[in-house]
Amino acid sequence: MTLQSSSAAPPAPGAADDRQPGHARRDAFGREVSGPLAGIVIADFSRVLAGPYCTMLLADMGATVIKVESPSGDETRAWKPPIYDGQSTYYLSINRNKRSIALDFGDSDEIETARDIAAGADVVIENFKPGGLDRFGLDYASIAERNPAVIYASITGFGSAGGAALPGYDLLVQAMSGLMSLTGDPDFPAYRSGVAVFDVITGLHAAIGVLSALHERSQSGRGQRIEVNLMSSALSGMVNQTGGFLLSGNVPTRMGNEHPSIYPYEPLPTSDGEIVLAIGNDRQFRTLCNFIGAPALADDPRFTTPPDRSLNRSALRPILHDLLAVRTASEWFDIFTEARLPCAPINDVRGGIDFARRLGLEPVVEVGAGEETIPGVRNPITFSATPASYDLVPPGIDADRGDILQWLQSSPQR
């Protein structure tokens, strides 16, 4: 079977686009959507975190995402605890606004269905090992032969060259990239980040690549392949640490909660707990000194400039400890916030969400409708004309097979 994407064709370069922003349009399954990606169809052959996080963000923006799973489902369905109504909260956190079909790649008919879905999509996203989809005819060359305008995004752990055979787990990349060597106290073993940070960064890079390629296609009509990998995303995401090494030859090491270039920029003790200070310039440091009752400290030649404070932090730290010990963390937070000094309490996750609520950021959204509604974290991008939506709860395995097969039957032939 061959077919055509159900998405509306982009306007020719320079032509007017009569799709008015903010006006609801229908997706491939007839659902009204108003997001900026309304009409775009994404075949999602990814699993676990980087790919599903990418496709969830795009789905929030109105794209139709068809999640193609094995009969056993995305691995994260079994990653428990914690659970919500018996389901893995890990899976639920990154798979809203999608539709699921389970296909057995050991069955030739099911493989053909997978090919048809890919051929009918604007975008294909996959995170198999390099070459892993070739034998199924789901590689870029095979799909592009039927669908020359396809945007095909491949997510791997270590690229498609020398690292092609390496398993792509975030923890491994945290170790190999050097991040773990930077995380934790210098007197204790290295630690991983509390979140799979490179999976998330790679998912964001994949989304940027997809959106860039869609823009290029709207001008040229050409599709293309995008490749992102966790290792490259890690080295890019470590910014000043990797950049500092390349420019200076200095190999950074673990410094606990300290910053290698700025001080004070860490949690500091008060009379009842810690408060985080992030003092990045001389004006802020002088303000800090005034409010903690030591204005002369700003003129001490050991501490007058950022490099001075950084080099002499071992002398400055105990002075700050003594001065901050006269009040509680909450009292200092109120004082420093009023003075517009960068500071923060150390919250747990509950406290972080509560704080965002107090700021009016509305971090929690209701996903789905009626009895199926579940809470989720708001998409972090706000659009004034084409807002994100949260219409579909994360699908059960193969929950949308009938609708997806009907879409394939009704789609025009490519």
Side-chain angles (χ1 to χ4, degrees), residues 82 89 179-180 182-195 197 200 240-241 252-365 375 377-378 380:
T89 60
L179 180 70
M180 286 182 65
L182 304 175
T183 307
D185 190 279
D187 297 325
F188 291 93
Y191 273 85
R192 71 173 182 89
S193 167
V195 173
V197 60
V200 173
N240 60 298
Q241 300 286 27
T253 58
R254 287 193 297 286
M255 299 180 65
N257 285 314
E258 295 184 53
H259 192 285
S261 308
I262 309 171
Y263 194 84
Y265 198 95
E266 64 178 357
L268 291 167
T270 69
S271 65
D272 70 342
E274 292 185 315
I275 186 168
V276 173
L277 291 178
I279 305 302
N281 57 51
D282 296 335
R283 179 188 58 79
Q284 290 174 345
F285 183 66
R286 184 170 293 278
T287 301
L288 172 66
C289 294
N290 289 338
F291 277 85
I292 61 177
L297 200 59
D299 297 313
D300 188 314
R302 297 173 296 173
F303 313 133
T304 51
T305 70
D308 293 329
R309 293 190 290 275
S310 185
L311 289 172
N312 295 298
R313 63 183 66 195
S314 60
L316 179 54
R317 184 181 292 108
I319 297 173
L320 295 177
H321 285 191
D322 290 342
L323 292 168
L324 292 170
V326 300
R327 295 182 187 273
T328 67
S330 177
E331 288 171 335
W332 282 125
F333 178 72
D334 291 340
I335 291 169
F336 293 153
T337 299
E338 181 68 23
R340 298 187 179 278
L341 279 175
C343 65
I346 301 177
N347 292 328
D348 58 15
V349 172
R350 182 200 305 271
I353 290 176
D354 288 344
F355 187 69
R357 281 188 169 120
R358 291 200 299 274
L359 296 179
L361 297 178
E362 300 179 356
V364 180
V365 294
V377 175
R378 178 179 297 278

Heavy-atom pair with the smallest gap, counting every atom of [X] and [Y]:
X: Thr328; Y: Thr270; result: C-OG1, 3.6 Å
X: Val364; Y: Pro375; result: CG1-CB, 4.1 Å
X: Asn347; Y: Gly352; result: CB-N, 3.7 Å
X: Pro82; Y: Thr89; result: CG-OG1, 3.1 Å
X: Arg378; Y: Leu361; result: NE-O, 3.9 Å
X: Asp272; Y: Ala329; result: OD1-N, 2.9 Å

Once you round to the nearest 0.5 Å, how far does [atom1] of [X] lie from [atom2] of [Y]?
X: Asp282; Y: Cys289; atom1: CG; atom2: SG; result: 10.5 Å
X: Asp299; Y: Arg286; atom1: CG; atom2: CZ; result: 4.5 Å
X: Arg340; Y: Thr287; atom1: CZ; atom2: OG1; result: 11.5 Å
X: Leu316; Y: Phe303; atom1: CG; atom2: CZ; result: 4.5 Å
X: Ile292; Y: Trp332; atom1: CD1; atom2: CH2; result: 6.5 Å
X: Leu288; Y: Gln284; atom1: CG; atom2: CD; result: 9.5 Å

Decide yes or no for [X] and [Y]: does some side-chain heavy atom of the first lie under 4.5 Å from some side-chain heavy atom of the second?
X: Ile275; Y: Arg327; value: no
X: Leu268; Y: His321; value: yes
X: Cys343; Y: Thr337; value: yes
X: Tyr263; Y: Asn312; value: no
X: Thr305; Y: Phe285; value: no
X: Leu341; Y: Leu277; value: no
X: Pro306; Y: Asn281; value: no

Next on the checklist: Just to verify, what does His259 make a ring-ring contact (aromatic ring centres under 6.0 Å, His included) with, not counting sequence neighbours?
Outcome noted: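 With neighbours one apart ignored, the set is Tyr265.
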
Checklist outcome for this item: By ring-ring contact (aromatic ring centres under 6.0 Å, His included), Phe333 pairs with (sequence neighbours left out) none

Looking at [X] and [Y], does any basic side-chain N land under 4.0 Å from a carboxylate oxygen?
X: Arg254; Y: Asp187; answer: no
X: Glu258; Y: Arg317; answer: yes
X: Asp300; Y: Arg309; answer: no

Checklist entry - For the side chain of Arg313 and the backbone of Ser310, is there at least one donor-acceptor N/O pair under 3.5 Å apart? => result yes

Checklist entry - Among all residues two or more places apart in sequence or in another chain, which pass the salt bridge (Lys or Arg N to Asp or Glu O under 4.0 Å) test with Arg357? => result Asp354

Next on the checklist: Determine whether Ile319 and Arg302 satisfy the following criterion, side chain to side chain contact (heavy atoms under 4.5 Å, CB included), listing intermediate values before the conclusion.
Outcome noted: CA-CA 12 Å; Ile319 297 173; Arg302 297 173 296 173; 4.3 Å; yes

